[in-house]
Amino acid sequence: MATTLLGTGVFILPQLTIEAAGSGALIAWALLTVAIIPVTLVFGRLASVFPHAAGPAYFVEKAFGKSAGRTIGLMFVLVVPLGAPAAILMTFQFVNELVVLSGWSQVGVELLLLSVLFLLNQKGIQISAKMQFMLTLGVVAIVVALFGSAGETIGDIKAMHIEPDVNSIAIAASIAFWSFLGVEAMTHLANDFRNPKKDMLPAMMIGTVLVGLVYLGCTLLLLKVPTDSGVAMVGVINQAFGGYGAQIIGILGVASGLATVNVYTASVSRLIHSFSTEGVLPKYFSTLNTNGLPVRASNTVLGVMAFVIVMTYMTGQELEDLISWTNGVFVIIYLASMLAAGRLLNKSYWLIVLLSSFFCLALAVALGASMFYAVCLLVLLFGSLEWRKQHNKRRQAALA
């Protein structure tokens with residue numbers, strides 16, 4: 001859970017939020033960490049009570065019907081063309097710290113990274129989960145060591161001058177939201193837990209809080225240790241340890257990026273398999289391999305990722321745009337899940353559901369025009385599914 005959330009952004013997003021809001025980025029990260037806790041609680045509770053490969057799509061379907069649930073599920077599937085290249089582009093920034101590449105050489109390495117995910121997805125999420133746990137420990141150890149070398153005290157932190165500009169903080173928060181994409185992805189993997197009812201909620205809560213603290217720590221370090229490095233955390237490590245910043249951040253960044261994309265590949269492929277067995281998507285994706293994994297679905301997802309990576313390079317798409325558009329889709333998925341929780345969970349969760357819903361609406365306002373792609377996707381998918389349902393009803397009535 002922690003590695004999925006740290007993922008591609010742990011050494012990049014603090015830098016982007018500081019560029020947007022200066023020292024106000026600290027406020028953005030603190031508010032976002034506090035605000036995401038009730039959302040995580042709701043997702044964790046839903047996944048433990050209703051474990052299903054379709055995740056949010058299943059929750060929304062149980063609460064509001066098939067058209068609504070399938071709309072949310074298809075939105076999750078279709079966000080891959082935006083989210084995957086954004087994640088891989090972030091990951092490649094760390095590759096460039098190790099070996100400087102450009103042009104088609106860069107695209108070739110990005111496709112090579114996807115081939116690693118192809119191999120991992122043949123064995124199941126448990127194999128990569130063990131690797132990701134060690135990776136999380138490594139990232140946390142680096143951040144703690146940097147704080148120790150910087151000699152920061154509570155007094156130093158309290159003495160910092162923070163500029164509370166509301167607009168810039170909102171922009172920074174809308175960028176930072178990328179860091180918590182993955183909360184909902186874990187719900188697709190509920191059936192991979194030995195005991196989802198017992199383990200799902202603690203895993204999600206511990207991961208979320210840990211990630212929020214790591215991002216706050218990284219942001220504070222960048223504010224206190226200025227650097228002109230392209231990837232700012234490289235400069236911080238160089239100053240703290242007398243070098244090796246490119247190697248440390250490069251290796252950790254590539255591994256974290258792959259871990260995040262791997263979890264999303266696993267999540268989307270399970271959702272595609274679930275929709276295939278229900279007749280929403282072609283039966284081709286319903287086949288499982290000897291390990292019980294939907295490899296046809298995961299291979300197709302990785303193939304789409306490869307195609308979009310090539311097209312993203314050819315069209316020169318900006319990373320920040322991809323992040324904002326992806327965030328917009330997830331805001332709708334999160335909001336729909338919170339509204340579903342209001343119907344599916346008992347009254348003791350209503351206050352948490354209400355707070356979570358307001359948080360999603362606030363993020364939508366902060367994203368502004370970047371919500372356009374998500375709203376268009378929502379209208380087109382829901383309209384198409386409703387038309388198909390009504391068409392089938394009329395055809396059945398005519399046959400009767």
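Being a predicted model, the structure only gives us computed values, none of them experimental. Both backbone and side-chain heavy atoms feed into the values below; hydrogens, waters and symmetry mates do not.
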Check: Taking only residues two or more places apart in sequence, or in another chain, which ones meet Asn346 in a side-chain hydrogen bond (donor to acceptor under 3.5 Å, both in side chains)?
Finding: Ser348

Margin query: Whether the side chain of Arg343 engages the backbone of Ala63 through a donor-acceptor N/O pair (distance < 3.5 Å, no angle test) should be reported.
Written below: yes

Check: Are side-chain heavy atoms of Ile272 and Thr300 found at a separation under 4.5 Å?
Finding: no

Check: Can you name the residues that form a side-chain hydrogen bond (donor to acceptor under 3.5 Å, both in side chains) with Thr219, not counting sequence neighbours?
Finding: Trp29

Note to self: Once ring pair (Phe, Tyr, Trp, His ring centres under 6.0 Å) is applied, do any residues pair with Tyr334, and if so which ones, sequence neighbours excluded?
What the structure shows: Phe43, Phe177

Next item on the list: Would you list the pairs meeting side-chain hydrogen bond (donor to acceptor under 3.5 Å, both in side chains) in which at least one residue belongs to residues 61-79, sequence neighbours left out?
Entry: Ser67-Glu386

Margin query: I'd like to know whether NZ of Lys347 has more than 12 heavy-atom contacts from other residues, nucleotides or ligands below 6.0 angstrom.
Written below: no

Give the table of side-chain donor-acceptor pairs shorter than 3.5 Å for residues 108-119, with sequence neighbours excluded, one pair per line with atom names and distance.
unit_1: Glu110; atom_1: OE2; unit_2: Gln106; atom_2: NE2; d: 3.1
unit_1: Ser115; atom_1: OG; unit_2: Leu112; atom_2: O; d: 2.4

Next item on the list: Could I get the full list of side-chain hydrogen bond (donor to acceptor under 3.5 Å, both in side chains) partners for Arg45, not counting sequence neighbours?
Entry: none

Checklist line | Mutual orientation of the aromatic rings belonging to Phe59 and Phe50 [parallel < 30°, tilted 30-60°, perpendicular > 60°] | finding: tilted

Checklist line | Test item: His273 side-chain N/O and Ser286 main-chain N/O as donor-acceptor pair under 3.5 Å | finding: yes

Margin query: Quick check on the 6.0 Å ring-centre criterion: do Trp104 and Tyr313 meet it?
Written below: yes

Next item on the list: Would you indicate whether the side-chain heavy atoms of Phe180 and Phe330 approach each other to under 4.5 Å?
Entry: no

